[in-house]
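Values below: all heavy atoms of this structure, side chains included; hydrogens, waters and symmetry mates excluded. Atoms within a ligand are numbered from 1 in the order they appear, just like the ligands themselves.
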Amino acid sequence: MRIVQKFGGTSVASIERIRKTADIIQSELNQGKQVAVVVSAMSGETNRLTAMARELSATPAVRELDALVATGEQVSAALLAMELQSRGIAAYSYSGGQAGFVTDGDHVRARIKSVESAHLLVHMQAGEVPVVTGFQGVDEHGNVTTLGRGGSDTSAVALAIAVEADVCDIYTDVDGIYTTDPRMVPKASKIDRISYEEMLEFASLGAKVLQTRSVELAMRFEMPLHLRSSFDLVQGTMVVGEDETMERAAISGVAFNRDEAKITIMEIPDQPGIAANVFGPVAEAGINVDVIVQNVSEQGFTDITFTVPRSDYLPTMEIMRVLCKQMQARDVKGDDTVAKVSVIGVGMRSHAGVAKAMFDVLAVEGVNIQMITTSEIKITVVLEEKYIELAVRALHTAFGLDRQEA
Ligand code: ASP
Ligand code: MG
């Protein structure tokens with residue numbers, strides 16, 4: 001059995017935590033497994049380094065920013081390798097470049113082009129442990145690059161694929177994915193197995209356990225992920241292909257996001273090109289539009305409503321006011337107290353009536369639905385933020401997700 005173990009910032013946050021992490025690695029080696037390790041920077045370190053750069057300049061050169069933040073992972077990799085060596089384990093730290101991670105030259109958000117890691121595999125087969133810095137690589141000219149915040153997850157998955165590992169273990173401070181946020185619904189339960197697609201839907205709704213790109217990469221190469229805690233060594237959540245998840249209920253979980261705002265542009269002349277005109281400037285401003293609804297047009301006019309992250313609400317309203325004048329729409333209205341609630345599940349493909357069941361539950365609770373959007377495995381509603389807890393709890397119960405007391 002060959003595994004890649006990824007340890008996040010909290011698992012290498014202190015000398016004590018590094019020792020605990022070494023225990024985990026050692027116990028896998030003792031079971032005869034071949035092991036490679038990928039580490040994040042000690043928690044808080046990437047922020048600390050970035051803040052120093054910002055003190056010098058509001059716009060530090062991205063090449064130097066990458067050279068700077070890449071050091072965070074080098075510290076934790078070297079410390080962990082030292083600790084493993086002191087236990088008689090042949091462990092060696094590798095920077096991204098040394099481990100064979102080649103990326104494009106797009107600093108701060110580089111993409112991995114290839115992982116030339118045959119040399120690491122030879123070490124693993126000899127019972128040695130490469131300890132690789134996550135989050136980084138080098139471009140074709142040898143410049144240090146980084147993969148975007150949370151990028152160590154993607155490094156770990158890419159390495160697991162390159163060395164043909166059986167599984168990629170991702171250790172964090174939570175012990176898996178839950179049917180909803182346990183802080184909101186104490187009866188939320190841990191999901192044993194979830195599909196890559198469901199995981200992506202949860203992630204897009206703010207369940208920031210994994211960098212999205214890492215899940216996309218794992219899905220493409222069918223690399224099983226095991227999300228688990230380094231604080232509590234229980235079985236976590238397996239992220240696997242859809243056909244490997246068990247036959248189960250229509251819904252796997254209820255996700256929500258409070259960070260939403262809604263904007264409506266009213267009575268805009270309905271002609272080819274209006275959507276492009278409305279969303280072009282928003283995209284140019286780097287703002288992500290999510291749910292979009294366009295109404296039927298009446299007498300040549302229509303309303304378009306869409307949501308953006310709440311932090312982009314004011315700049316988007318600005319853009320829309322200008323557009324409103326230019327395009328001779330009647331008015332622009334906005335509301336930054338909305339939230340999004342989604343039910344997610346690959347089971348929806350084979351269970352009819354999930355949408356109706358969801359709307360019934362919300363109707364009984366007296367929750368007004370403002371917008372609806374669906375995908376094959378997700379139904380999302382936009383509602384007033386003050387109803388979010390009521391809606392999430394009611395849906396969690398109605399879809400049979402509440403943990404049964406033993
Ligand atoms: N240290 C980097 C960050 O904080 C990468 C990672 O931890 O995945 O974003
Ligand atoms: Mg992380």
Specify whether H123 and Y92 have parallel, tilted or perpendicular ring planes, treating 30° as the upper limit for parallel and 60° as the lower limit for perpendicular.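 Geometry flag for Y92 against H123: tilted rings.
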
If we only count N/O pairs under 3.5 Å, is [X] in contact with ligand 1?
X    : result
T46  : yes
R149 : yes
G148 : no

Students should be able to answer this: which protein heavy-atom is nearest to atom 7 (O) of ligand 1, and at what distance? S40 OG, 2.9 Å

For atom 6 (C) of ligand 1, what's the nearest protein heavy-atom neighbour? Residue, atom name and distance, please.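 So the nearest neighbour among protein heavy atoms is S152 OG, 3.2 Å.
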
One residue to check: E45. Relative to ligand 1, which of side chain, backbone, both or neither has a non-hydrogen atom less than 4.0 Å away?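 For E45, no heavy atom sits under 4.0 Å from ligand 1.
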
contact_flag G151 ligand 1 heavy-atom lt 4.0 Å: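 Per 4.0 Å heavy-atom rule, G151 contacts ligand 1.
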
Give a yes/no verdict on whether any heavy atom in G150 is under 4.0 Å from an atom of ligand 1. yes

Less than 4.5 Å apart, any side-chain heavy atom of V129 and any of M124?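 Side-chain contact under 4.5 Å: no.
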
Checking [Y] against [X]: is there a side-chain donor and acceptor pair closer than 3.5 Å?
X    : Y    : answer
T146 : D66  : yes
Q211 : S214 : no
Q235 : R228 : no

F231 six-ring face occupied by R17 cation (under 6.0 Å, within 45°):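 Yes, R17 sits over the ring of F231.
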
